[in-house]
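By convention in this document, chain letters (A, B, ...) are assigned in the order of the sequence lines, proteins followed by strands, and residues within each chain are numbered from 1.
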Protein chains: 4
Amino acid sequence: MDPNRPGRGRPRDASRDAALRQAAMEVLAEVGYRALTMDAVAAQARAGKATIYRRWDSKLDLVIDTCTQLVQRNIPEPDSGSVEHDLREFLSAFASFLTGPVGKAAQALVGELPHEPELAAAFRTSFLLPQRDVVRRLIDRGLRRGEIGPEAPVDTIVELTGAALLYRLMLTDEPLDAEFVERLLTQALLPLLHRGT
Amino acid sequence: MDPNRPGRGRPRDASRDAALRQAAMEVLAEVGYRALTMDAVAAQARAGKATIYRRWDSKLDLVIDTCTQLVQRNIPEPDSGSVEHDLREFLSAFASFLTGPVGKAAQALVGELPHEPELAAAFRTSFLLPQRDVVRRLIDRGLRRGEIGPEAPVDTIVELTGAALLYRLMLTDEPLDAEFVERLLTQALLPLLHRGT
Amino acid sequence: MDPNRPGRGRPRDASRDAALRQAAMEVLAEVGYRALTMDAVAAQARAGKATIYRRWDSKLDLVIDTCTQLVQRNIPEPDSGSVEHDLREFLSAFASFLTGPVGKAAQALVGELPHEPELAAAFRTSFLLPQRDVVRRLIDRGLRRGEIGPEAPVDTIVELTGAALLYRLMLTDEPLDAEFVERLLTQALLPLLHRGT
Amino acid sequence: MDPNRPGRGRPRDASRDAALRQAAMEVLAEVGYRALTMDAVAAQARAGKATIYRRWDSKLDLVIDTCTQLVQRNIPEPDSGSVEHDLREFLSAFASFLTGPVGKAAQALVGELPHEPELAAAFRTSFLLPQRDVVRRLIDRGLRRGEIGPEAPVDTIVELTGAALLYRLMLTDEPLDAEFVERLLTQALLPLLHRGT
DNA sequence: CGATAATCGAGACGGTACGTCGAGTCTTTAG
DNA sequence: CTAAAGACTCGACGTACCGTCTCGATTATCG
């Protein structure tokens with residue numbers, strides 16, 4: 001059952017996993033999801049197609065795995081003792097990470113979500129939820145410290161934070177830069193957090 | 001130069017345009033963007049593929065045009081004399097419109113935006129801008145009526161409105177329903193509009 | 001350089017060659033050259049079109065190869081010790097072979113000869129020359145045996161033999177039967193061979 | 001019923017027939033039957049396709065008509081009082097006519113004969129029969145003059161004459177020149193005609 | 001050690017959709 | 001009603017990609 005048991009034949013070369021994910025990411029960032037071909041990924045990694053299909057069931061599988069792998073290593077979680085500082089830190093760091101190839105890769109998947117339930121689940125669990133959870137924890141710590149009143153609409157603020165980031169990333173052509181983060185923070189998130197205080 | 005000049009040969013049959021767009025929308029809603037084939041659209045409309053390619057350069061072109069055509073006819077613009085009422089009206093109506101096939105179609109295009117500049121331009125001009133403009137005009141009327149203080153961060157509010165709608169539509173699997181609209185309105189948009197008043 | 005070298009990837013499946021040639025011959029005999037489609041050949045052989053195009057450059061190429069392959073295995077060369085007997089034998093056997101699908105296939109190619117130099121070369125080398133050579137060798141043996149006088153116009157007789165066969169086969173609707181062979185032999189070929197003896 | 005009646009509308013422009021046949025012949029001679037497209041013929045004649053289809057039912061129809069029209073005007077029938085002289089004259093003249101575009105056009109049709117009964121009938125009636133009839137009449141005159149013995153195998157000689165011409169024209173790449181005509185005449189036709197005299 | 005078995009790169013395989021092009025028909029404006 | 005122009009449906013073209021399979025060669029474990 002376990003493909004990683006010592007088994008008889010030649011063992012899988014674990015270094016191919018990384019090479020293939022790397023190749024997939026490169027091709028994805030260069031040409032987008034639709035124009036990504038398995039042949040191109042195989043060629044980029046100097047691998048055979050069978051080597052890919054031995055590890056992933058399909059193009060979609062490969063791309064999902066490649067993205068989530070990367071995302072999960074790159075969500076910052078600052079904890080400085082100040083909600084404002086933590087939020088600013090998180091937004092800046094994550095925004096600049098999203099600006100790179102992973103953001104484009106994630107965007108490439110959006111169109112497939114409605115027709116690929118497994119992809120949708122993976123996308124949400126590995127990409128959306130972690131960011132929300134970080135923001136939520138960050139605000140919760142503020143609540144516990146009394147920085148924020150208990151009546152702040154946390155759920156809505158958390159959702160808006162993600163929405164604002166991804167809207168810029170994927171839909172408009174406006175930059176995800178420091179000025180944007182600052183404006184979002186001072187004109188929307190902080191006022192909502194401190195409403196009534 | 002003008003392809004619609006009275007010209008010599010047989011003129012384009014305008015009814016084919018509509019039939020093809022209709023067929024494209026049906027196929028799109030049924031199987032999604034990736035699985036949409038030109039053959040399927042042609043068959044659905046009882047047209048030859050050449051007839052499609054005479055009007056649109058590619059599958060993408062066809063889908064863009066089909067969507068924007070529909071969107072532009074369906075953006076509500078309430079004007080009741082109350083910002084709150086207008087916003088609620090707009091959000092409800094547009095959210096329920098986006099829940100239909102056009103929303104899915106728009107989503108299907110997102111992944112192509114970074115690699116198709118023309119598509120990106122069309123998407124923004126025909127899909128994003130109109131919604132933003134409606135919201136902006138609606139708030140501007142409130143400003144002129146004195147309902148809203150002049151220091152309200154209109155740009156940010158407008159952006160967040162679109163972001164919140166499309167985030168739910170395309171990325172999460174949470175519903176774009178009345179409850180969501182109400183929460184967005186009372187917990188975020190209205191407080192931001194009335195901040196400091 | 002050599003496509004049959006042991007090489008790296010999966011080798012060409014030689015049995016597909018035969019299956020495709022078989023399918024091509026069947027389709028050709030059934031519907032003729034013009035109506036022969038690559039899709040039909042592929043379907044008949046349960047092959048993908050790419051598998052055909054990997055082996056032959058075009059429909060023409062496939063048909064040429066299919067025909068010459070068959071012709072070269074089916075040119076009889078009798079050697080009984082009598083020119084008359086050998087000629088009768090050859091004409092009967094080859095005429096009845098030409099009456100089958102190969103004859104129709106060869107005919108199908110005639111119209112393309114002036115515009116396809118490679119086809120013309122293949123047609124002549126694989127189809128015309130072998131018949132002429134057989135007849136010539138057959139007559140040469142008669143010359144060496146002294147059955148025929150050395151002044152017989154061999155070139156002309158050889159040419160007329162081929163001409164007579166193919167004229168009936170391809171141009172008139174008269175049968176290539178035993179009576180025709182007998183008439184050609186006794187009224188033309190034998191008198192010319194024995195002229196002056 | 002009669003399309004040439006004075007009728008109501010604009011009368012058919014008879015000069016278009018000639019222009020279209022001319023165009024068809026040119027295209028045919030240039031690219032062959034298969035590559036001849038109706039659009040090309042129409043363009044060459046600066047005509048609309050409908051104008052072609054108003055006069056001929058199909059591509060085949062057009063080509064048949066174009067060829068037979070030309071052939072029937074160009075079969076020479078010498079009558080000098082000498083079979084040898086007449087045959088030499090006919091063979092020379094007709095061979096040089098066949099060397100032109102009409103020969104190529106006729107060749108283009110050969111591949112279609114087995115699958116197009118109407119074409120086959122037209123081809124034989126308009127192209128093959130007239131040549132045979134000329135040769136037969138020419139020999140008959142010799143018979144009546146006593147130049148030839150009554151036992152000469154006329155049918156066979158007539159058939160061989162056509163076969164020899166068309167074999168060279170369509171199948172081999174050897175020239176249909178004076179030397180060929182002379183050799184055919186002196187080494188085959190005349191000996192057969194005079195056999196036993 | 002030799003046999004066995006799963007891996008690797010390479011690329012042929014069946015299949016499906018692509019975007020183009022040709023045949024023959026239809027529909028417009030101009031005469 | 002005919003002419004030229006050109007849009008129309010239909011279907012084959014030759015190409016590209018998917019996911020599978022098959023080859024020789026390699027690399028491990030097992031007996």
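Among E/dT20, E/dT7, F/dC23, the nucleotide with an atom closest to any side-chain atom of A/Arg54 is E/dT7. With distances taken from any side-chain atom of D/Asp39 to the nucleotides E/dG14, E/dA23, E/dC18, the minimum falls on E/dA23. The side chain of C/Ala47 lies closest to E/dG14, out of F/dC10, E/dA23, E/dG14. Minimum atom distance to the side chain of A/Tyr53 is reached by F/dC18, of the listed F/dC18, F/dG14, F/dA12.
To the nearest angstrom, C1' of E/dA23 lies 13 Å from CG of D/Leu62. Nucleotide F/dA7 holds its P atom 14 Å from the CG atom of B/Leu20, rounded to whole Å. Remark: P of E/dA23 and CD of D/Glu116 are 14 Å apart, rounded to the nearest angstrom. We find that CZ of B/Arg16 is positioned 17 Å from C1' of E/dT28, with the value rounded to whole Å. Following rounding to the nearest Å, D/Asp61 (CG) and E/dG24 (P) show an atom-to-atom distance of 10 Å. Note: CD1 (D/Ile52) to P (E/dT25) measures 12 Å, nearest angstrom.
Looking at heavy atoms from C-beta onward, B/Phe123 lies out of side-chain contact with B/Ile64 at the 4.5 angstrom threshold. Within the 4.5 Å cutoff, side-chain heavy atoms of A/Leu28 are placed close to those of A/Cys67. In this structure, the side chains of C/Val110 and D/Gln107 come closer than 4.5 Å at one or more pairs of heavy atoms. Contact of the C/Asp39 side chain with the C/Lys49 side chain is registered, since non-hydrogen atoms from C-beta on lie closer than 4.5 Å.
Residue D/Arg55 places none of its side-chain N or O atoms closer than 4.0 Å to OP1 or OP2 of F/dT2. Side-chain nitrogen and oxygen atoms of B/Thr51 include at least one within less than 4.0 Å of the OP1 or OP2 phosphate oxygen of F/dT9. At F/dC23, none of the side-chain N or O atoms of C/Arg12 fall inside 4.0 Å of OP1 or OP2 (strictly under the cut-off). When the side-chain nitrogen and oxygen atoms of D/Lys59 are compared with OP1 and OP2 of E/dA23, one or more of them lie within a distance under 4.0 Å.
For A/Glu116, there are no side chain to side chain donor-acceptor pair (under 3.5 Å) partners two or more places apart in sequence or in a different chain.
Nearest-nucleotide positions on DNA chain E for D/Ala50 and D/Leu36 put D/Leu36 closer to the 5' end. Mapping B/Asp17 and C/Ser58 onto DNA chain F by nearest heavy atom places B/Asp17 closer to the 5' end of the strand. Toward the 5' end of DNA chain E, the nearer of the two residues A/Ala45 and C/Ala42, judged by each one's closest nucleotide, is A/Ala45. Looking at which nucleotide of DNA chain F each of C/Thr37 and D/Gly48 is closest to, the 5′-most match is held by D/Gly48.
Judged by distance alone, with hydrogens and angles left aside, A/Lys49 brings no side-chain donor or acceptor close enough to the base of E/dG11 to form a pair under 3.5 Å. With hydrogens and angles left out, the side chain of B/Arg10 and the base of F/dA7 share a donor-acceptor pair within 3.5 Å.
Applying a 4.0 Å cut-off to non-hydrogen atoms, none of the residues of residues 26-33 of chain D approaches DNA chain F.
D/Glu30 CD: 12 or fewer foreign heavy atoms inside a 6.0 Å radius.
Checked by atom type and distance alone, the side chain of D/Arg124 pairs as donor or acceptor with a backbone atom of C/Leu171 at under 3.5 Å.
Sorted by first and then second residue, the side chain to side chain donor-acceptor pair (under 3.5 Å) pairs involving residues 55-65 of chain D (not counting sequence neighbours) are D/Asp17-D/Arg55, D/Arg21-D/Asp65, D/Trp56-D/Asp65.
When heavy atoms are screened at a 4.0 angstrom cut-off, A/Asp13 is found touching the sugar-phosphate backbone but no base atom.
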